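This structure is a prediction, so every number in the text was calculated from the model and none was measured.
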Amino acid sequence: MSYDTLTVSKLTGGCGAEVHGLDLARDLSNRQWDELRHVFFDHGVIFFRDQQLTPEQHIAFARRWGTIDVNKFFVPVPGYPEIAEVRKEKEQKTNIGGGWHTDHSYDAEPAMGSILLAREVPEEGGDTLFSNMYLAYDALSDGLKQTLGSLRAIHSSEHVFGAKSVRSNAERPKRNEHLAVGEVSHPVVITHPDSGKKALYVNSGFTLRFEGWTADESRPLLEMLYRHAVRPEFTCRFRWRAGSIAFWDNRCTWHYAANDYHGHDRLMHRITVAGSKLS
């Protein structure tokens, strides 16, 4: 698809696009903003290079997209509660986001998108992978689409961020663990509120089971969907540089932060844009 005011190139056939030559610190025209929204909803995740944004400019860019959703489990950047630090220091072995997931599916109104800005990155490693849930849904058989279309799934953050987290990480003290309680239900197949396209909406990070099913009953079908959803033809891999931005749509993509840079520091600033109830 061509655009009048933007230069855009697809990262892969399955997922993602890079927007070239746009300085997000400057005021964009209404036409540029309109086209940028189309690029975002067309591709699910968009990338920018060489963005020298101050925290205030990062926040201003996010607010053009919607209300900021302040993350309750991440440490904020000092003085900027809207910006979460995604940090791994050289002595740490585990990272944040080291498994396929989508952000905030454990909320009743899941986040619309996440805007991640690279502040400090290793020379090698630390890529982020993304997968396209529109394509994952489209590639399912008609029979399975019909079955999934009648199902809802239960999501929760308690097993990840709560006091009894099964992913306990002594390197990274828990924050607000008392808030990681409760479960929410979402359709397994959603109609994206902006694109109108259908997308698969379960993820291995926060989905527990199908509504009305036991965890044991749910596991075989969920695991099949998790394997299916990361087929190579649905994915892309983004190599970071300082000043790079990835902005992904949590309603139609998954992502995975590669943990292959031990002995090196990595610091990212993330702002989450609030979303709405899914149907």
Side-chain angles (χ1 to χ4, degrees), residues 69 71-74 94-111 114 129-172 174-192 198-231 234-235 248-257 259 272 275-279:
D69 185 336
N71 188 287
K72 51 186 175 285
F73 303 122
F74 284 57
T94 58
N95 70 334
I96 295 173
W100 283 108
H101 66 287
T102 188
D103 297 336
H104 290 253
S105 75
Y106 49 80
D107 288 336
E109 295 187 352
S114 300
L129 291 79
F130 298 87
S131 193
N132 184 329
M133 293 302 108
Y134 292 140
L135 294 184
Y137 173 77
D138 288 344
L140 296 171
S141 68
D142 290 342
L144 187 50
K145 286 178 183 176
Q146 184 174 357
T147 297
L148 296 179
S150 65
L151 296 177
R152 299 179 66 88
I154 303 300
H155 300 244
S156 175
S157 63
E158 190 167 4
H159 62 293
V160 178
F161 299 119
K164 298 181 180 179
S165 168
V166 297
R167 302 181 184 181
S168 179
N169 183 355
E171 295 178 342
R172 197 168 280 109
K174 293 186 176 68
R175 180 173 183 270
N176 294 336
E177 60 186 31
H178 63 288
L179 298 177
V181 295
E183 299 176 347
V184 298
S185 171
H186 300 300
V188 171
V189 177
I190 64 165
T191 300
H192 192 285
K198 291 187 180 298
L200 186 64
Y201 195 75
V202 291
N203 70 93
S204 60
F206 301 110
T207 304
L208 302 181
R209 63 188 183 278
F210 296 114
E211 187 174 82
W213 297 29
T214 67
D216 285 344
E217 291 168 341
S218 303
R219 190 172 298 113
L221 180 51
L222 284 175
E223 289 182 350
M224 172 267 167
L225 293 173
Y226 299 157
R227 292 192 302 270
H228 167 81
V230 293
R231 282 167 42 179
F234 306 154
T235 67
W248 62 87
D249 189 327
N250 285 301
R251 288 86 51 93
C252 63
T253 64
W254 288 4
H255 57 283
Y256 185 119
N259 188 25
T272 301
S276 57
K277 187 177 178 64
L278 299 176
S279 60

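- Minimum heavy-atom separation, Val202 to Ala153: CG1-CB, 4.0 Å.
- For Trp100 against Ser204, the heavy-atom pair with the smallest separation is O-OG, 2.9 Å.
- At least one donor-acceptor pair closer than 3.5 Å links the side chain of Asn71 to the backbone N or O of Phe73.
- In summary, of the residues considered (His101, His104, His186), a ring-ring contact (aromatic ring centres under 6.0 Å, His included) with His155 occurs for His186 alone.
- Between Tyr226 and Asn203, the closest heavy-atom pair is OH-O, 3.3 Å.
- Nearest heavy-atom pair, His159 versus Gly205, reported as atom, atom and distance to 0.1 Å: NE2-O, 2.9 Å.
- Shown here is Glu217, whose CD atom has more than 12 heavy atoms of other residues, nucleotides or ligands within 6.0 Å.
- Once rounded to the nearest 0.5 Å, the distance linking OG of Ser105 with CD1 of Ile154 reads 11.0 Å.
- Side-chain contact, Asn250 with Ser114: a donor N or O sits under 3.5 Å from an acceptor N or O.
- The main-chain N or O of Phe210 is found under 3.5 Å from a side-chain atom of Ser218 such that the two form a donor-acceptor pair.
- A 4.5 Å side-chain heavy-atom check between Arg209 and Glu183 finds at least one atom pair inside the cut-off.
- Each of Leu221, Leu222, Thr147, Leu200 was evaluated against Val188; a single residue qualifies, Leu200, per the side-chain contact (heavy atoms from CB on, under 4.5 Å) test.
- Residue Ala139 comes nearest to Arg231 through the heavy atom pair CB-NH1, 4.2 Å, listed as atom of the first residue, atom of the second, then distance.
- In terms of modelled atom types and a separation under 3.5 Å, the side chain of Lys198 and the main chain of Asp138 share no donor-acceptor contact.
- Side-chain contact between Trp248 and Asp103 is present, with at least one heavy-atom pair separated by less than 4.5 Å.
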Q: For Tyr106 and Glu158, run side chain to side chain contact (heavy atoms under 4.5 Å, CB included): C-alpha distance rounded to whole Å, both residues' side-chain angles, the deciding distance at 0.1 Å, then the answer.
A: CA-CA 9 Å; Tyr106 49 80; Glu158 190 167 4; over 6 Å; no

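- Separation of atoms CG (Asn259) and CG (Asn95) is listed at 3.5 Å; rounding is to 0.5 Å.
- Counting heavy atoms from C-beta outward, Tyr201 and Thr207 have side chains that stay 4.5 Å or more apart.
- Judged purely by atom type and a 3.5 angstrom limit, Trp254 has no side-chain atom pairing as donor or acceptor with the backbone of Leu129.
- Proximity of Phe74 to Ile96: side-chain heavy atoms (C-beta onward) are separated by under 4.5 Å at one or more points.
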(Q) Test ring-ring contact (aromatic ring centres under 6.0 Å, His included) on Phe234 and His228; report intermediate values, then the result. (A) CA-CA 9 Å; Phe234 306 154; His228 167 81; 5.4 Å; yes

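- Atoms CG and OG, from Leu208 and Ser185 in turn, are 11.0 Å apart once rounded to the nearest 0.5 Å.
- Closest non-hydrogen pair, Lys145 versus Leu140, comes out as CE-O, 3.3 Å.
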Q | Stepwise side chain to side chain contact (heavy atoms under 4.5 Å, CB included) test for Thr102 and Met133 | A | CA-CA 10 Å; Thr102 188; Met133 293 302 108; over 6 Å; no

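- In this structure, Thr253 contributes its side chain and Phe130 its backbone to no donor-acceptor pair below 3.5 Å.
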(Q) Please evaluate residues Leu151 and Trp213 with respect to the criterion side chain to side chain contact (heavy atoms under 4.5 Å, CB included), reporting the C-alpha separation (whole Å), side-chain torsions for both, the decisive distance (0.1 Å), and the verdict. (A) CA-CA 10 Å; Leu151 296 177; Trp213 297 29; 4.0 Å; yes

